[in-house]
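The block underneath contains the structure these notes are about, expressed in structure tokens.
Naming convention: chains lettered A, B, ... in sequence-line order (proteins, then strands); numbering from 1 in each chain. A quick note: this is a predicted structure, and the numbers were derived from the prediction, not measured.
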There are 2 protein chains.
Amino acid sequence: MAGQREPVIWLRPEQAQVGRPAERSRAEITAVAVELADREGLDAVSMRRVAAALGTGAASLYRYVATRDDLLDLMTDSTAAEYDLPAPSGDWQADLLRVAEQARHIMRRHPWLPGVVITRPTLGPNGADLLEHVLDVLADHPAQPARKLEAFAILNALTALFVQNEAAADAPGAQRQAAYLRHVAQAGHHPRVAALFTTPPEADPPTDRLPAVLIRALAGVLG
Amino acid sequence: MAGQREPVIWLRPEQAQVGRPAERSRAEITAVAVELADREGLDAVSMRRVAAALGTGAASLYRYVATRDDLLDLMTDSTAAEYDLPAPSGDWQADLLRVAEQARHIMRRHPWLPGVVITRPTLGPNGADLLEHVLDVLADHPAQPARKLEAFAILNALTALFVQNEAAADAPGAQRQAAYLRHVAQAGHHPRVAALFTTPPEADPPTDRLPAVLIRALAGVLG
DNA sequence: GGTGTTCGCATACATCGTTCGCGAACAACG
DNA sequence: CGTTGTTCGCGAACGATGTATGCGAACACC
């Protein structure tokens, strides 16, 4: 784990201007890695597996990418290209909700994305376009620029948390957790936890809380 | 990645009631792992390193823990024992802010915690106490029980995000990101991003946005 | 056709989580 | 006190990981 003196991958030239030309491109490698992650999860994205999917050797990837984290950065930014960014309408809350709704769809399409967005947020070219759009939407808002940056971060992170939660609810690990909570409830202490299980099942369908939470949280950052 | 049919670690007996008694305890192992993570980061918590710190062999750990993830669960829950949980005051917003403030301190003490809380939230015995306290604070609130569970999750996750962000700001990776953003700004497109750099430095010290964001977000979930 | 440079990649290294198998240690029982 | 049943500690091994090294082959340019 040395001090990583190299700049971000998007500041490094993709192709050397002399010598033997490369047989593949960053975009091609990124696409293969994203498809692999979509299909088998982030852990399946190992240098060897990605290389195999490309039909090359593992060490070859290091001609395109300095490290595996670079590859993850490329993958993350490539998903930011899936946004549709229309001109601001004048209602910044509505516009940001549109962005969040798209983020949710994109993250559902790429189940590995929420985890990456939360643990190592990254801005590449496409992410910069997205940030530009959000700043444009907030152009007339009186908040300080630093607050707007925080708002952008919260918009992404909160959406990722919500998508991750809804995915975890159907995962097999949820039953194990619920089983333990039931055990805690039956032990006698924790009456409030026990009440969670004796409460009658709610009639109304669970409503989507993302818009309400997001708008309020953004209001909290922007002051 | 088999179907993990075993129950959560806290439902498995720590000591067998027959045969040779164990030389160590889960608590002892957890303490060593936490100390190691505090000092050298989560990646340093490998089975071999933890075992070495205990003065045993790596394979021995599997008598106490079925998998490394189990060890992480033990570590997470052990930090939940650091909360001080006084009786509810009647003002649930103030009480939850007290909880969040403690969470922030605990997470600053254990820099690896935010990442774990966000990516694999876990409830053990101490976490159950914390949940009980939060439910107690919200006892008179009319929201549905499921919403209160979401509120608990958001309280933890949002606090973790904030701590993680303030830690990332001083990390070496921040300069690399800033350098790229500066590059994007100078490229000409992205005028709003460019404005971030031409804006005069703000005089007022950056204020803590956690309380405002958290209270509003909680209001959003609880309806 | 050299020449300079990069590319592809086989190989190797250190480390990881985890499994296997077995001798030793202990509790309970006679 | 010996026997028995069971668990414990752990050396060794397996498969996988990310990455470094070194070199022959491929290309652009003069």
inquiry  = Between A:Thr67 and D:dG18, is there a contact of a side-chain N or O with OP1 or OP2 at under 4.0 Å?
reply    = no
request  = Would you indicate what B:Ala22 reaches in the nucleic acid, counting non-hydrogen atoms under 4.0 angstrom: base, sugar-phosphate, or nothing?
outcome  = sugar-phosphate
task = Calculate the interatomic distance between A:Met47 atom CE and D:dG15 atom P; express it in whole Å.
result = 23 Å
task = Report the residue (A:Pro21 or A:Val45) whose heavy-atom-nearest nucleotide on DNA chain D is the more 5′ of the two.
result = A:Val45
ask   = In whole Å, what is the span from the CZ atom of A:Arg48 to the C1' atom of C:dT11?
value = 11 Å
task = Answer yes or no: is there an ion pair linking A:Arg26 with A:Asp77, defined by an N-O contact shorter than 4.0 Å?
result = no
request  = Report the distance from atom OH of A:Tyr62 to atom C1' of D:dG18, rounded to the nearest whole Å.
outcome  = 5 Å
key: Atom-pair distance (CD on B:Glu23; P on C:dA24), nearest Å   = 15 Å
inquiry  = Less than 4.0 angstrom from a charged side-chain N to a carboxylate O is my criterion; do B:Glu166 and B:Arg108 meet it?
reply    = yes
ask   = Are A:Asp38 and A:Arg109 ion-paired here, with the side-chain N under 4.0 Å from a carboxylate O?
value = no
key: Nucleotide D:dG9, atom C1' - distance to CD of B:Glu28 in whole Å   = 14 Å
ask   = Which part of the nucleic acid does A:Ser60 contact within heavy-atom distance under 4.0 Å: base, sugar-phosphate only, or nothing?
value = base
key: Heavy atoms of other groups near A:Arg98 CZ, more than 12 under 6.0 Å   = no
ask   = Would you say the base of D:dC27 and the side-chain of A:Arg20 have a donor-acceptor pair closer than 3.5 Å?
value = no
inquiry  = What contact category does B:Ala59 fall into here, base, sugar-phosphate, or nothing, at under 4.0 angstrom with non-hydrogen atoms?
reply    = base
remark   = Taken to the nearest whole Å, OH/A:Tyr64 to P/D:dT19 is 18 Å
ask   = Which part of the nucleic acid does A:Gly19 contact within heavy-atom distance under 4.0 Å: base, sugar-phosphate only, or nothing?
value = base
task = Kindly say if B:Arg68 contacts the phosphate of C:dG17, meaning a side-chain N or O under 4.0 Å from OP1 or OP2.
result = yes
task = Using atom CZ of A:Arg63 as one end and atom C1' of D:dC27 as the other, report the distance to the nearest whole Å.
result = 14 Å
ask   = Are the charged groups of A:Arg49 and A:Asp43 less than 4.0 angstrom apart, N to O?
value = no
query = For B:Leu54 and D:dC10, what is the distance between atoms CG and C1' respectively, to the nearest whole Å?
reply = 14 Å
